[in-house]
Amino acid sequence: MQPDDEDLRRSGTDKANRLRWARTVLERKGRSKNCYPSWIVTIGLILGVLGLFAFTVSILKKVQSGHGLDTYRTAAGVEFTYSGALILLVLIVVTLIAGFIIRYRKRLK
């Protein structure tokens, strides 16, 4: 039941009419069968965080044992050092904290 171009022209082609039409279609259909259930996304996020944690622990062990300048190949085939990866992980955390601080300050205004 998607309106054709002629219907949109007659209704004024404004954004409000299209949004109203989209809401009515979504209300009629209900939940889409093509979207993933939220529990699959949650499991994926948990597994991703656990994998990142395991990688971080292995990097810390390598650096603490004195093998921080040894190289390894990433999935893309790039040679990288363990100390470089540790620095990148620290920078990711620092930028996330900075972003949260900036967002918090903007919300207070």
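No experiment lies behind these values; they were computed from the predicted model shown.
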Does Leu60 share a hydrophobic cluster with Tyr82, counting links as ILVMFWY side-chain heavy atoms below 4.5 Å and allowing steps through other members? yes
Kindly compute the distance separating CD1 (Ile97) from CD1 (Ile92), expressed to the nearest 0.5 Å. 12.0 Å
Any chain of hydrophobic side-chain contacts (each under 4.5 Å) joining Ile43 to Leu52? no
Single hit among Thr42, Leu47, Val41, Val49 for side chain to side chain contact (heavy atoms under 4.5 Å, CB included) with Leu45: Val41
Should Leu86 and Leu88 be counted in the same cluster of Ile, Leu, Val, Met, Phe, Trp and Tyr side chains packed under 4.5 Å apart? yes
With a 4.5 Å cut-off on side-chain heavy-atom distances among I, L, V, M, F, W and Y, is there a chain of contacts connecting Val93 to Ile101? yes
With rounding to the nearest 0.5 Å, note down the distance linking CZ in Phe53 to OG1 in Thr56. 7.5 Å
Are Ile59 and Phe80 joined in one hydrophobic group, where the rule is that I, L, V, M, F, W and Y side chains link up if heavy atoms are under 4.5 Å apart? yes
Least distance between heavy atoms, Ser58 atom then Phe55 atom: OG-O, 2.8 Å
Qualifying salt bridge (charged side-chain N to carboxylate O under 4.0 Å, His left out) pairs with a residue from residues 61-72, counting only residues at least two apart or across chains: none
Side chain to side chain contact (heavy atoms under 4.5 Å, CB included) with Thr71: which residues, sequence neighbours excluded? Glu79, Thr81
Taking all non-hydrogen atoms of both residues, which atom of Ala85 and which atom of Tyr72 are closest, and how far apart? CB-OH, 3.5 Å
